[in-house]
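Structure first, then comments.
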Amino acid sequence: MKFFIDTADLDDIRDLAATGLVDGVTTNPSLIAKSGGKFLDVIKQICEVVPGPVSAEVTATDHKTMLQEGQKLAKIAKNVCVKVPLTVDGLKTCKALSDNGTKVNVTLCFSAAQALLAAKAGATFISPFVGRLDDIGSDGLELISDIVQIYNAYDNLTTEVLVASVRHPIHIIESAKMGAHVATLPPAVLRQLFHHPLTDKGLAAFLADWAKTGQSIL
Ligand code: E4P
């Protein structure tokens with residue numbers, strides 16, 4: 001499973017990219033607003049830090065303007081992945097951009113039917129929002145399972161399932177068990193994955209015993 005990070009915060013991106021575990025980055029207009037930076041500059045800087053796909057979202061809602069925005073975003077760097085919302089105009093834009101070789105991430109997916117349409121429109125990634133479905137009392141992970149099953153049933157559907165709106169490590173583990181290709185994690189959730197109290201306790205005990213030997217490796 002590939003790990004993207006879901007943030008426009010360059011300090012977090014640099015810090016986590018240094019682990020070697022970050023395969024890409026996703027942003028959205030809310031995350032860009034939170035970063036306080038200028039959109040095009042922020043995307044350019046992220047693309048310089050992370051060589052994998054960096055999602056940059058269009059903000060127009062009509063196909064013609066979305067396409068112009070998408071083409072402009074795609075010119076920022078080779079690894080820009082244009083993000084479009086799952087609307088009729090968004091999917092028309094997805095088709096046009098992907099036909100020209102631009103990577104497209106279709107966002108705001110909340111049903112398996114929508115995911116099927118995005119795949120037919122040539123999306124590189126489909127982003128089902130698990131956390132937001134859980135928030136309204138639906139089962140976000142069930143949607144991941146449905147989409148993985150549908151995509152696996154057809155060799156010609158090459159769209160990758162990008163689990164989005166992740167809230168906690170269980171979303172990652174369960175999605176990985178289902179075979180989802182990618183998850184985009186808020187920095188705090190990626191950091192959570194490293195930790196286990198028994199690791200901390202075990203390491204403290206090993207180091208205490210080692211100190212008693214008076215030895216050093218170097
Ligand atoms: C995905 O690309 C979105 O940026 C993101 O995962 C949305 O998550 P949220 O529901 O926590 O805002």
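The structure presented is a predicted model; accordingly, all values stated were derived computationally and were not measured. Order of appearance sets the numbers: ligands from 1, and atoms from 1 within every ligand. We're numbering straight along the sequence, starting at 1.
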Carboxylate-amine/guanidinium proximity below 4.0 Å for Asp209 and Lys212: yes

Determine whether a donor-acceptor pair (N or O, by modelled atom type, separation under 3.5 Å) exists between the side chain of Thr159 and the backbone of Ile126. no

Drop me the distance from Ile32's CD1 to Thr7's OG1, to the nearest 0.5 angstrom. 9.0 Å

Start with the C-alpha distance between Glu69 and Lys72, add both sets of side-chain angles, then the distance that settles salt bridge (charged side-chain N to carboxylate O under 4.0 Å, His left out), and finish with yes or no. CA-CA 5 Å; Glu69 289 183 352; Lys72 181 167 179 178; over 6 Å; no

Within a radius of less than 6.0 Å around CG of Asp155, do more than 12 heavy atoms belonging to other residues, nucleotides or ligands occur? no

Amino acids contacting ligand 1, non-hydrogen cut-off under 4.0 Å: Asp6, Thr26, Asn28, Lys83, Phe129, Arg132, Ala164, Ser165, Arg167

Taken in chain and number order and not counting sequence neighbours, the residues that satisfy ring pair (Phe, Tyr, Trp, His ring centres under 6.0 Å) with Phe110 are Phe129

